[in-house]
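Working notes, structure below.
Counting convention: from 1, in listed order, for ligands and their atoms alike.
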Amino acid sequence: MRFGLCGLMHITSGRRRRSLDSKLDKLDDWRRTHYSSDLSPQLDGKESVVFGWIASIRHQGNITFIILADKDGFMQITVKRDEVGEEFYEKVQRLGAHTSIGVKGVLRAISKAPNGVEMLPKEIKILSFATLNPPTSLYGRRLPSVDKRLEIRAVDLRRPAAQAVFKIRQEALKALRAHLIENGYHEVHTPKIISSATEGGAALFPLLYYNKEAFLTQSPQLYKEQLVMAFEKVFEIGPAFRAEQSRTLTHLSEFISVDVEEAYVDYRDSMNRLESMIREVVKEVSERCVNELKTLGYCLEMPQEFKRYSYDEVLDILSGLGYKLDWGEDLGSTHLSVLAEVNPSFYFIVDWPAQTKPFYIAPKDKYSKLSESFDLMFGSLEIASGGTRVSSRRLLEKRLKEKGLNPKSFTYHLKVFDYGMPPHSGFGLGFERLLMILTGQSNIRDVTYFPRDQRHLTP
Ligand code: AMO
């Protein structure tokens, strides 16, 4: 059986698979000496062992060029028939894209190859055959739909553009964590199985917890607030679950929430922290992911400042553009699109009516209808929200009742407030939404390894 250029024949029968399995080599004591990123012309003449999967294979006369991909990039294996002998050469002719191999050989500097070096192989191990054609081409300009690609997500993630997105994800995560730890925040983990809603009753996933009803958490809100009593400055980067009723390009049923909470500060400090954290992440990503951003053909321009518009100012702007909104109403998608034309980059909307915000957000003062709250926007996309918290038990109970929630369901939380809850403030940031902005992707599923939404419970 000969595999075509970059392609594979469909070999689906069990007999065929068994026959291929019998042709596989064992890893034995072969171990990698170099990743593609370690290779350079300086290694000319050195022995090396490399592993990876075949990104492409091209036969040209008596030479076969294999482009081998590993976690860091690509390398070239140049198989010359007269140097490797017939048996080796025949073995190579059986290879096709996505096959996993190991190669031992000598490195040779050559300007045309990736990293300026190619490998002239001496031994090869075939470690697994790809027996099906993936539904997506790695290099195709026109991508199949996300739904199609998600069917074999593990292979779809081998696309250079996907690799670029997820390397940026990794760098962004590192930068977020480093920024918070360097600024004195303590990383925490809070329960994901909880007994009551924190972000309103509608979007909860119920589950059976022994013989009781429980829920997957919508956010670590109440726990992060409790933890400031002992640790003052805390953060968590973890999953949050929302039973979203609509399918959009910006909502997941399970997303990663970056939650920050701090004692003895208010919402102005939280906004400053959020802005400096995002600036740091953008700086790190643009410095460390130059190649990845180039692969994506994307560059994020940062504004001089993150402007702060009050809710009332936003209403005035919208009204000036012919979009009337009653005071106290939340902004709809049309309003957000209009605002995105006024400010397509990062900006805050602050001082929201208390009625639009959750029970734990503090009113501006005793008689005000406004709250000490903010949303961080990027054009029409909300990336984060936060605010000063209610720190008095009496007021929290009142706010719960106003929101139609039963204070009894929150007894475990309310009683903490009897032991001297300090004033505190914080925010929650949708990590995937931030990534959409960092990578220029328009569908949140493209920045998520295995997205969960109404349609996807597998893979
Ligand atoms: P909120 O509900 O606004 O606030 O959520 C915070 C941020 O999380 C992101 N987000 C989502 N991302 C993807 N899919 C979803 N379904 C989804 N829902 C929300 C958004 C949003 O801005 N406890 C408060 C935060 C706080 O006050 O600390 C909270 O969860 O980017």
Hey, is F427 touching ligand 1 through its side chain, its backbone, both or neither, going by heavy atoms under 4.0 Å? backbone
Could you check whether any heavy atom of E432 sits closer than 4.0 Å to an atom of ligand 1, since that is the contact criterion I want to use? no
Please state which part of T250 comes within less than 4.0 Å of ligand 1, counting heavy atoms only: side chain, backbone, both or neither. backbone
Going by heavy atoms, is Q218 under 4.0 Å from ligand 1? no
Kindly list each side-chain donor-acceptor pair under 3.5 angstrom involving residues 285-293, sequence neighbours excluded, with atom names and distances?
| residue | atom | partner | partner atom | Å |
| --- | --- | --- | --- | --- |
| S286 | OG | V282 | O | 2.9 |
| S286 | OG | K283 | O | 3.0 |
| R288 | NE | E284 | OE1 | 2.8 |

With only distance considered, is I361 within less than 3.5 Å of ligand 1 through an N or O on each side? no
Ligand 1 contact by G386, heavy-atom criterion under 4.0 angstrom: yes
So, does G387 sit close enough to ligand 1 that a heavy atom of it is under 4.0 Å from the ligand? no
If we ignore hydrogens and angles and just use 3.5 Å, is the side chain of R389 paired with the main-chain N or O of G426 as donor and acceptor? yes
With backbone taken as N, CA, C and O and side chain as the heavy atoms from C-beta onward, which portion of S385 lies under 4.0 Å from ligand 1: side chain, backbone, both, or neither? both
How about F51 and W30: do any of their side-chain heavy atoms sit closer than 4.5 Å? yes
Is the contact between K357 and ligand 1 made by the side chain, the backbone, both, or neither, using heavy atoms and a 4.0 Å cut-off? neither
Purely on distance, is any nitrogen or oxygen of L429 under 3.5 Å from one on ligand 1? no
Candidate with minimal heavy-atom separation from atom 18 (N) of ligand 1, of E261, R389, E382, R242: R242
Atom indices of ligand 1 within 4.0 angstrom of K224 heavy atoms, with elements: 26 (C), 28 (O)
Determine whether the side chain, the backbone, both or neither of E244 has a heavy atom under 4.0 Å from any heavy atom of ligand 1. side chain
Donor-acceptor pairs under 3.5 Å, side chain of residues 321-328 to any protein atom, not counting sequence neighbours: which ones?
| residue | atom | partner | partner atom | Å |
| --- | --- | --- | --- | --- |
| K324 | NZ | S319 | OG | 3.2 |
| W327 | NE1 | D312 | OD1 | 2.7 |

